[in-house]
Amino acid sequence: MKPVRWPHTGPLRICLALGLIVVASATWQLSPPGFVESIRALLYVAPDIPESLVFHYSWWPRLVMSLLAGGGLALAGNLMQQVLRNPLASPTTLGVASGANLALLATTLLAPGWLVAGREWVALAGGIGAMVVVFTLTWHRALAPMVVILAGLVINLYAGALSMVLLLFHQEKLKGLLIWGAGSLAQDGWQDVAFLAPRMLLSALLIWLLLRPLALLELDDASAGSLGVSFRFLRLVGLGLAVFITACVVSVVGVIGFIGLAAPNMVRLAGARRLGSRLTWSTLLGALLLAGTDLLLQHFSHALPTLIPTGATTAALGTPLLLWLIPRLRLNSEPPRDNAAPTPPHPSPRRLSLTLATTLLVSGFLALMLGQLEHGWSLTLDWQILQWRTPRLLAAAASGVMLAVAGTIIQRLTANPMASPELLGISGGCAIAVIIAIYVLSAPNNLVLVSMGTLGALVCMAVLLKINHQSGFRPEQLLLTGVAITALFDAVRTIMLAGGDPRGQQVIAWLSGSTYYVDLTSSLVVVLLACLLGLAAHFFTRWLDILPLGHATAASLGIGVKHARLALLGLVALLTATATLVVGPLSFVGLLAPHMARMAGFQRAHWHLLGAALMGALLMVIADWLGRQWLFPDEIPAGLVASLIGGAYFMWGLRRC
């Protein structure tokens, strides 16, 4: 007689284990005032007992909210993965949550009366806007998984940059929204639960009614067409439900990271194959994941120096999971590529370089002289004004040179035209180390910050090498690893800023890429470092010409490929760390400048490095000038302006992929 085999024992075991953790943690927290009284407080509140008030109006609503939000996000993530046939799709990786959060922030500032009509509709509009942009960028590639994730990444960064602009100009008004936007489950009653619960139940009912049609999305388009199924309608309905669920959750608790990605993939890897079982188990698992994380966070909150939002905690804990998943998930698509005809080499790269250098000098001279003052636009040679503008100009140009050189090295080293320090997470790793140094060390100087930033960049590149070594450094896996590291950076940044520490203002200014506090001495040091590191890169031009030809070709020509890669990556780490300290981690110059140089006709490594350096400096000079003039007398930091310009270019590049 054959033994009985229970279906889906893998997901069942995971949910049972997490359920035991949730029950044990909840029981531990319920026991101090008396277990029976705590349970009774769920249904009945004793006004004369403070513990009963706390449990009835705070603890129990928070637990129920964590279960609802976690289950809803897992359900939305499963729908997105089913509709897009993409195991890495989720409300956070596709930019839906960031778009909803940005819409709520902007509405709070500009039209708070709209929130009365229903904050979920404001968040829904933001989430739909983000998805429309992602679809616009990727529809021509049939929603290829790799391109969809890259489009979601740039939307996340764009929404983050715009949110940072709002925060810089309205920090006092938005200060209370920092913790909420980071994913706060704190409750002061049952009103949010009453708001979210019926919407989740209605969405689950609609998904159950559409379960069989949605299961057909696993077929290819031709097979579905022969069955008379409209893929476009099903995709719109499925994604519409997913965005609605995400918007409702974000409107109540803010952005909760990685639940929508982790839960569906965990149950799939555990053995749930059919759509119905994946939806059921992932919803349960998502609810338990968020509830367990929040209960453990509450349990240890007394030992923490500051309030840590649950959403940022889930993102920080989810990053290792994503790094573990990347090598195990199959992406049935090719990496983005440029389908345009290759640009022919420029007949005279020396003359083109001189033209760019002249343009840079003229632009720098005009940026120093031309600008708005208290009486309007004017040309000035007043030394009092020039000595304030000169350090900013020099620092912006030098940081543009370093990011451009770092981006050129990475693109040639990986043979990936979409690689850059920002997209591979190197800037994010550098930023994490610098933020930790600012908060942990007492008054760290610039040398300490550069050292810590370089160490963070090296650690990130070590992670990149470890995860992608067996795959031969496939471009798509490199980029997805960068997505994970960037998500970790976002979580660390959110945790640090949500604590209310006075040093948060310094971190916000630095993260946004402001050159406002750069003095002449510091700017000259940055220029000197840019020159030295740029010259150092010049000695590796032979390697950069040969390495894109492949490992075998490079080895046959006498290059120690392993040592060459390590040396180049070390140089990239130092370049990125130094530049990130000046313009922050959000700039796209490391992606944009090498592309522009290649399109201009700089093909050989020597000329490519020089052309990218000149264009990077020019881009940052223009970004710094625009940031000073756009909203005068207020300023938009140069790093944010560069990220907006570079993000627009990135979206244009995805359209051409």
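Side-chain atoms are counted along with the backbone in the values below, which use heavy atoms only and exclude waters and symmetry mates.
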As a quick check of understanding, evaluate side chain to side chain contact (heavy atoms under 4.5 Å, CB included) for Ile622 and Val641, giving each step before the final call.
CA-CA 9 Å; Ile622 294 174; Val641 177; over 6 Å; no
In terms of heavy-atom contacts, Ala404 and Pro594 come closest through O-CG, 3.7 Å
Audit row: His608, Arg598, side chain to side chain donor-acceptor pair (under 3.5 Å) steps and yes/no:
CA-CA 7 Å; His608 194 186; Arg598 184 167 56 89; 5.5 Å; no
Taking all atoms of both residues into account, what is the closest heavy-atom pair of Leu370 and Gln629, and its distance?
O-NE2, 4.3 Å
Which heavy atom in Leu458 sits nearest to a heavy atom in Ala573, and how many Å separate them?
CD2-CB, 3.6 Å
Heavy-atom side-chain proximity of Gln411 to His595 below 4.5 angstrom
yes
Measure across Val621 and Ala367 and return the closest heavy-atom pair with its distance rounded to 0.1 Å.
CG1-CB, 4.2 Å
Looking only at non-hydrogen atoms, find the nearest pair between Ala433 and Gly456 and report the distance.
CB-CA, 3.8 Å
Should the pair His538 and His606 be assigned to parallel (<30°), tilted (30 to 60°) or perpendicular (>60°) ring geometry?
perpendicular
Can you tell if the side chain of Val401 reaches within under 4.5 Å of the side chain of Leu575, non-hydrogen atoms only?
no
Let's go through Arg392 and Arg628 carefully: what are the C-alpha distance in whole Å and the side-chain angles of both, what is the deciding distance for side chain to side chain contact (heavy atoms under 4.5 Å, CB included) to 0.1 Å, and is it a yes or a no?
CA-CA 11 Å; Arg392 303 183 59 174; Arg628 285 189 278 116; 3.5 Å; yes
Closest non-hydrogen atom pair, Met452 against Ala437
CG-CB, 3.9 Å
Test item: Thr576 and Met402 side chains (from C-beta on) under 4.5 Å apart, heavy atoms:
no
